[in-house]
Participant: 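Mind having a look at this structure? Questions to follow.
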Amino acid sequence: MPSTMTSILDAITVSESEGRPIPDAATRETIGYAPVHTLADLDAAIAAARAAQPSWNALGHAERSRILNEIADDIEANAEELAQILSREQGKPLNGPNARFEVGACAVWTRNAADTVLEPEVVFEAGASRAEVHYDALGVVGAIGPWNWPMMITVWQMAPSLRMGNTVVVKPSEYTPLSVLALVEIWNRHLPEGVLTAISGDREVGAAIAGHPGFDKIMFTGSTATGRKIVESSANNLARLTLELGGNDAGIILPGTTVSNIAENLFWGVFLNAGQTCAALKRLYVHDSVYDEVVDTLAGMAQQMPMGNGLDENNLLGPLQNEKQFDIVKGLVDDARTRGARIVTGGEAAPELGPLFYRTTVVADIEDGTPLVDEEQFGPVIPVIRYSDVDDAVRRANASSQGLGASVWADDADAAAEVATRIQSGTVWINNHGAINPAVPFGGVKQSGYGQEFGAAGLKAVSNPKVISR
Ligand code: NAD
């Protein structure tokens, strides 16, 4: 184990006999043993959160914001150790838009939750009559997260919740508990007892959270299939829900686009975190006039972009995080090949790098109706689909049950923005894909979920709107 990985990792791991081994995503060696929390631990965490909530709420916004900013400072002070744990467990490299970037984003989003102003809103005024909407704490929030951006997404869930006076119980993905436990370890240096507890449990614990009467709100980020189960469970506790679910984001490159201008943003819009990103570009519609150039450009970049162990400073792409995801990606590409699609580059595992590495893959001459196009691949693979009519490309982009993000690419940003108005998704980026900003609301439409995160919209989502009317 590298000498830099000492204190935080030691504090969050348990002995072999008490814990569950967590593999390094690249090498599959055990990093450490994560605690295995039970349903009784969950009950205790909820009881502690409930007991701590009134006094945490009573501290007021200014004091909670001060504490959150202090936490952001501490994240920055421990950034390198957090990034190393994240890189090993999740697989994303330290460099590039990866582990160090994710830890940096944790501090940025924490500060944003601390500093965003949310005053009561006057919604009606006539003579002596007046109605105001005040945003009160909800109570206890349950935060259930995925394995792809485990630290950053947990911050998205817990920072606004805590800022608004709620207490929080966090359940990380069973694939990436150490990253989240490490983060929570830093946060708990600054928070009163019971305000924030991490429960490192499996899917059964996740299901118990969703249906537990002790929660007032569930913030969930994960797959659409699990999101559906959470909606069903919420019939029991009527917990409020924010559901950030799967995506199958389309990108449309308009006729005559100068490919060299968009190449860098396009590549990372697709391959960020080896494609394991909710709002990554997952199916690319390219106009005839630039189709071959786009395919060749992406393939050339894919062949050159260094992939390998995340702790190597040179690498910018890592492995698939887990075997299940590796099998999904491999299966979709093998199926596309069988159906006659052209594998321009990649299309196979890279065992010399480690068991779960899959080469950066560009697939051309493929159509809608192929599972690689219609389903979320969540890996380093892009199907590139040819079109000749923009209206038809918009129709195909919209012919999906998902609607998280989308993008339109063109030399003329105004022309792209016009096309964007016709696309059904929570965000449409122009000449970019997946760029997020803590002040700009983020969320999906259709089966990509409901509710928005970030900024004032995100604070409202973890509040009870209360009307005071006179
Ligand atoms: P997943 O749904 O398998 O698991 C997510 C979490 O839910 C885990 O912590 C898991 O333990 C828990 N869980 C499992 N069963 C549960 C149940 N019945 N009730 C409550 N919780 C349960 O998702 P994943 O594989 O970890 O993540 C990948 C998916 O997440 C992809 O589809 C991706 O697009 C999506 N995602 C979406 C966003 C977004 O912002 N929209 C962000 C990241 C990932």
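We use all heavy atoms of the structure for the numbers below, so side chains are in, but hydrogens, waters and symmetry mates are not. Ligands are counted one by one from 1 in listed order, and the atoms in each one are counted from 1 as well.
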Participant: Any nitrogen or oxygen of Trp147, side chain or backbone, less than 3.5 Å from one on ligand 1?
Facilitator: yes
Participant: For atom 36 (N) of ligand 1, which candidate among Pro172, Ala207, Cys278 provides the closest heavy atom?
Facilitator: Cys278
Participant: Report the part of Glu376 (side chain from C-beta onward, or backbone N, CA, C, O) that has a heavy atom under 4.0 Å from ligand 1; answer both or neither where that applies.
Facilitator: side chain
Participant: With a heavy-atom distance limit of 4.0 Å, tell me whether Tyr175 approaches ligand 1 through its side chain, its backbone, both, or neither.
Facilitator: neither
Participant: Heavy atoms only, cut-off 4.0 Å: how does Val205 contact ligand 1, side chain, backbone, both, or neither?
Facilitator: neither
Participant: Under 3.5 Å between some N or O of ligand 1 and some N or O of Ser223?
Facilitator: yes
Participant: Could you say whether the N/O atoms of Phe442 and ligand 1 ever approach to under 3.5 Å?
Facilitator: no
Participant: What do we get for Ile153 next to ligand 1 when only non-hydrogen atoms under 4.0 Å count, side chain, backbone, both or neither?
Facilitator: side chain
Participant: Under 3.5 Å between some N or O of ligand 1 and some N or O of Arg203?
Facilitator: yes
Participant: Tell me whether the rings of Phe215 and His212 are parallel (<30°), tilted (30 to 60°) or perpendicular (>60°).
Facilitator: perpendicular
Participant: Under 3.5 Å, is there a donor-acceptor pair between the Glu89 and Ser179 side chains?
Facilitator: yes
Participant: Judged by modelled atom types alone, do Ser87 and Lys92 share a side-chain donor-acceptor pair under 3.5 Å?
Facilitator: no
Participant: Could you tell me whether ligand 1 has any atom less than 4.0 Å away from a heavy atom of Ala279?
Facilitator: no
Participant: Please say whether Lys171 places an N or O atom under 3.5 Å from an N or O atom belonging to ligand 1.
Facilitator: yes
Participant: Would you check whether Ile230 has a nitrogen or oxygen atom less than 3.5 angstrom from a nitrogen or oxygen atom of ligand 1?
Facilitator: no
